[in-house]
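Start at 1 and go down the list; that is how both ligands and their atoms are numbered. Keep in mind that the numbers below use all heavy atoms, side chains included, and drop hydrogens, waters and symmetry copies.
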Amino acid sequence: MDKTDRILIVGAGLFGLATARQLASEGHQNITVIDRHVPDGSSVDISRVIRFDYADDVYLGMALDAYQKWSISPKYKDIFFPSPFILSANSIGSLGRSYINKCTASLTERGLPWKVLEDAKAAKELYPSLTGTLAEPNFVGYTNTQAGWVDSSKAISQLRDDCLELGVSFISGSAGTAVKFEDKDGQIWAVRTFAGTLIEGEHFILAAGAWASSIVPFYGSVLATAQVVGYMRLTDAELERYRELPISINFSTGWFNFPPHQESKLLKMAIHGWGYTRSPEPEEKATIKADVSMPPLKAPRERANFVPKDGENRLKEGLREILPELADRPFERTAVCWYTDTPSGDFIMDFHPDYKNLMVAGGGSGHAFKFLPVLGEYVTLRMKGLLPESLANKWRLRKDYQNGSNLFGGDGSRGGPERQNLFSDEIKPRL
Ligand SMILES: Cc1cc2nc3c(=O)[nH]c(=O)nc-3n(C[C@H](O)[C@H](O)[C@H](O)COP(=O)(O)OP(=O)(O)OC[C@H]3O[C@@H](n4cnc5c(N)ncnc54)[C@H](O)[C@@H]3O)c2cc1C
Ligand SMILES: *[C@@H]1O[C@H](CO)[C@@H](O)[C@H](O)[C@H]1NC(C)=O
Ligand SMILES: *[C@@H]1O[C@H](CO)[C@@H](O)[C@H](O)[C@H]1NC(C)=O
Ligand SMILES: *[C@@H]1O[C@H](CO)[C@@H](O)[C@H](O)[C@H]1NC(C)=O
C-alpha cells in the first residue's frame with residue numbers, strides 16, 4: 001500500500017473510524033470515510049461497558065491493553081469512568097455459570113485479581129446500593145474492581161475529530177451512503193452512492209456494522225440482531241443514592257446495567273442476549289437484492305422509542321432483581337441497538353472472498369466497543385498481511401457457514417430466551 005493510494009472506508013462507526021485514524025497516523029494521506037450521518041450506528045449511545053473479563057484469552061489480553069489505555073490516558077479523562085463490575089449467573093445448569101468459571105480461570109491464569117461473591121448477601125454488603133434479592137438462593141458471581149464504562153457518544157466524536165485533525169475526509173448524506181461496489185474482475189474501482197455518484201479508490205474497507213451484509217454477500221457468517229435497551233430518568237436525590245451502583249451483568253438472563261449517567265440523569269440497562277432478527281421489507285429487498293436480517297435501511301437519525309413488549313418486560317425484571325424500588329417506573333425511552341453477530345462471537349478482519357481490494361472490518365458481536373483504543377492497529381496489520389497467523393485465522397470471513405442455519409451460538413456469554421423474529425410492524429422501515 002502506497003501512502004498516497006486512495007483509501008475509501010464505508011461506515012463511520014467504531015471499526016471504520018478506528019481504522020481511519022490508524023491508517024492516517026501511519027502516514028496514509030488520501031483517506032475518505034463515508035456514512036449517512038457522522039457519527040451514527042451501533043457505536044453511538046450514552047455508554048458502553050469496559051471490561052477485560054473474557055473466557056477467551058485473546059480478547060482478555062486485548063481488552064486488558066485497551067482498559068489500561070482507557071483508564072490511564074488523559075485523552076479519555078472525561079470519557080472513561082471507573083466502576084467495579086459484578087459478573088453473576090444462576091448457579092443451576094446455566095451457560096452463564098460456565099462462562100463465569102471460564103472468565104475467572106482466565107483471570108487467574110494471568111495473575112489478575114478478582115473476588116468471589118459467595119452469595120447475594122456478600123454482593124450487597126460490598127455494594128450497599130443494591131437492594132434486591134439478586135434472586136437468591138442460586139447466586140453465583142464475582143467482582144472485578146478493574147472495569148468501568150465510557151460515554152460512547154463522546155468517545156466516537158473524539159475519534160472522528162482525531163481523524164479530521166489527521167486529514168481524513170468525510171462525506172455524509174446520500175452522497176455518503178454506499179449502494180454497491182463497482183468492480184472489474186474482482187478488483188473494486190469505485191463505490192456507487194445513493195446520490196448516484198461514484199467514489200473511486202485503490203483500497204476499500206467495509207465497516208458498515210449491521211448493514212454490511214446488505215451491501216455484499218457474507219456467506220452466512222454474520223447475523224444482524226436487535227438488542228433491547230432501556231433508559232430510566234432519575235431524580236437528583238436518586239443520582240446521589242445510586243452514584244456508587246456497580247456495573248452488573250447476569251449471564252443467565254443477559255441483563256446488565258450501568259451506574260447512573262450523571263450528565264443525562266439516566267439509568268441505563270440492556271440485554272446481552274440472542275436478540276431479534278428482522279426480515280427486510282419488499283421495498284428494501286428490491287434495493288439490496290439480498291434476504292438477510294437487517295436494520296431498517298433508512299433509519300432515522302433518532303432511534304425509535306420502541307422495544308418489543310417481552311423485551312421491555314425482561315428489562316424490568318432484571319432491574320427488579322437488583323433495584324426493586326425502581327422496577328415499576330416507566331422507562332423514559334427504550335430502543336433497539338443492532339449487533340453484528342458472528343457464529344463464534346469473533347470479529348471479522350479479512351479481505352472479502354469476492355473482491356481482492358475489499359477489507360471487511362466488523363462482526364462486533366456486541367462486544368467490540370471496549371477495544372476502541374487498540375482496534376485500528378489490528379485492522380491495518382491485517383490489511384498489510386502482518387497480523388499473526390492465529391489472529392488472521394480467528395478473524396477470517398468464513399464461507400463455511402453458508403449452508404448451515406442457526407449456527408449463531410456465540411462465545412457463551414449470551415443469556416435469556418431464544419432468538420425471535422420481529423414482526424414487520426414492530427420496527428417500521430422509513431423508506
Ligand atoms: C445495545 C448494545 C450494547 C453494547 N454494549 C457494549 C459494551 O458494553 N461494551 C462493548 O465493548 N461493546 C458493546 N456493544 C458493541 C459495540 O457497540 C459494537 O460492536 C460496535 O459499536 C460496532 O461498531 P461497527 O463500526 O461495526 O458498527 P456501527 O457503529 O453500527 O457503524 C457502522 C456505520 O456504518 C454506517 N453505514 C451503514 N450502511 C451504510 C452505507 N450503505 N453507506 C455508508 N455508511 C453506512 C452506519 O450509519 C454506521 O455509522 C454494544 C452494542 C449494542 C448494540
Ligand atoms: C487524493 O486523490 C485524489 C485523486 O487522485 C486527488 O485529487 C486528491 O488531491 C488527493 N488528496 C490528497 C490529500 O492527496
Ligand atoms: C440472574 O438470573 C437468574 C435467572 O433469573 C437468577 O436465578 C439469578 O439469581 C440472577 N442473578 C442476579 C444477580 O440477579
Ligand atoms: C453450500 O452449498 C452449495 C450448493 O449446494 C455448494 O456449492 C457449496 O459448496 C456448499 N458450501 C459448503 C461450505 O458446504
Counting N and O atoms only, with roles assigned by atom type, does the side chain of Asn357 sit under 3.5 Å from a partner on the main chain of Glu202, one being a donor and the other an acceptor? yes

In terms of its nearest heavy atom to atom 26 (O) of ligand 1, the top option of Phe371, Phe15, Phe369, Phe258 is Phe15

Using distance alone, decide if ligand 4 has a nitrogen or oxygen within less than 3.5 Å of any nitrogen or oxygen in Asn403.
yes

message: Looking only at the side chains, is there a donor atom on one of Ser172 and Asp35 sitting less than 3.5 Å from an acceptor on the other?
response: no

- Message: Tell me whether Lys265 is salt-bridged to Glu332, with the criterion being a basic N under 4.0 Å from an acidic carboxylate O.
- Response: no

**OP:** Before signing off on this row, confirm whether Trp338 and ligand 1 have an N or O atom pair separated by under 3.5 Å.
**Re:** no

**Study point:** N or O pair under 3.5 Å between Ser43 and ligand 1
**Key:** yes

Item checked: Geometric cation-pi criterion, Arg51 with Tyr54: 6.0 Å, 45° -> yes

Of all heavy-atom pairs linking Ser43 and Phe369, the shortest is O-CE1, 3.4 Å

Output for pair (Ser413 OG, Ile100 CD1), nearest 0.5 Å, gives 11.0 Å

So the atoms of ligand 1 within less than 4.0 Å of a heavy atom of Val229 turn out to be 1 (C)

Under 4.0 Å from one or more heavy atoms of Tyr339, ligand 1 contributes atoms 2 (C), 50 (C), 51 (C), 52 (C), 53 (C)

Heavy-atom proximity to atom 49 (O) of ligand 1 ranks first, among Val10, Asp35, Thr19, Leu375, for Asp35

Nearest non-hydrogen protein atom to atom 7 (O) of ligand 3, with distance, is Asn90 ND2, 2.9 Å

**Study point:** Nitrogen or oxygen atoms of Gly16 and ligand 1 under 3.5 Å apart
**Key:** no

>> For the 3.5 Å polar cut-off, considering only N or O atoms, please tell me whether Leu134 and ligand 3 meet it.
In response: yes

Of Glu321, Glu317, Arg314, the one whose closest heavy atom lies nearest atom 14 (O) of ligand 3 is Glu321

Cation-pi check for Phe331 against Lys316: NZ or CZ below 6.0 Å from the six-membered ring centre and within 45 degrees of the axis, yes or no? yes

### Message
Under a 3.5 Å distance rule, please check whether Thr340 uses its side chain to pair with a backbone N or O of Ala210 as donor and acceptor.
### Response
yes

Q.
Tell me whether ligand 1 is touched by Ala270 - counting only heavy atoms on the residue side and a distance under 4.0 Å.
A. no

**Q.** Flag for Thr334-Glu312: side-chain donor and acceptor within less than 3.5 Å
**A.** no

So the atoms of ligand 3 within less than 4.0 Å of a heavy atom of Thr253 turn out to be 2 (O), 4 (C), 5 (O)

Contact region, Val179 to ligand 1, non-hydrogen atoms below 4.0 Å, reads neither

Per side-chain contact (heavy atoms from CB on, under 4.5 Å), Tyr276 is matched among Asn421, Asp310, Val336 by Asp310

Ligand 3 to Phe139, heavy atom cutoff 4.0 Å, flagged ligand atoms 13 (C)

In ligand 1, the atoms that come under 4.0 Å of a heavy atom of Ala368 are 11 (O), 12 (N), 15 (C), 19 (O)

- [ ] State whether a side-chain donor-acceptor pair under 3.5 Å links Tyr127 with Thr143.
- [x] yes

Scan the protein's non-hydrogen atoms and note whether one is under 4.0 Å from atom 1 (C) of ligand 4.
yes

Query raised in the report: Does His37 reach ligand 1 with a nitrogen or oxygen that is under 3.5 Å from one of the ligand's nitrogen or oxygen atoms?
Result: no

Subject >> Stepwise ring-ring contact (aromatic ring centres under 6.0 Å, His included) test for His367 and Phe347 >> reply: CA-CA 9 Å; His367 70 106; Phe347 305 149; 4.6 Å; yes

A student checking ligand 1 against Ser42 at a 4.0 Å heavy-atom cut-off should list atoms 17 (O), 21 (O), 28 (P), 29 (O), 30 (O)

When distances are taken from atom 13 (C) of ligand 3, the protein heavy atom at minimum range is Ser88 OG, 3.2 Å

Under 4.0 Å from one or more heavy atoms of Gly176, ligand 1 contributes atoms 42 (N), 43 (C)

Nearest heavy-atom approach of Cys337 to Arg48 is SG-NH2, 3.7 Å

Contact region, Ala207 to ligand 1, non-hydrogen atoms below 4.0 Å, reads backbone

Please determine whether any non-hydrogen atom of Gly366 lies less than 4.0 Å from an atom of ligand 1. yes

Donor-acceptor under 3.5 Å (Trp395 side chain, Asp350 main chain):
no

*Any N or O on Thr340 sitting closer than 3.5 Å to an N or O of ligand 1?*
no

Q. Backbone or side chain, does any N or O of Lys370 fall under 3.5 Å from an N or O of ligand 1?
A. yes

>> Below 3.5 Å, N or O to N or O, backbone or side chain included: is there any such pair between Arg48 and ligand 1?
In response: yes

When distances are taken from atom 12 (C) of ligand 3, the protein heavy atom at minimum range is Asn250 ND2, 3.4 Å

When distances are taken from atom 6 (C) of ligand 3, the protein heavy atom at minimum range is Ala135 CB, 3.6 Å

Ligand 1 to Gly364, heavy atom cutoff 4.0 Å, flagged ligand atoms 19 (O)

Under a plain distance cut-off of 3.5 Å, with no hydrogens placed, do Asp53 and Tyr142 share a side-chain donor-acceptor pair? yes

Polar proximity ligand 1 side, His367 side, N/O cut 3.5 Å exclusive: yes

Heavy-atom nearest pair, Phe204 first then Ile199, reads CE2-O, 4.0 Å

*asked:* Could you check whether Ser365 and Thr342, counting side-chain N and O atoms only, form a donor-acceptor pair closer than 3.5 Å?
replied: yes

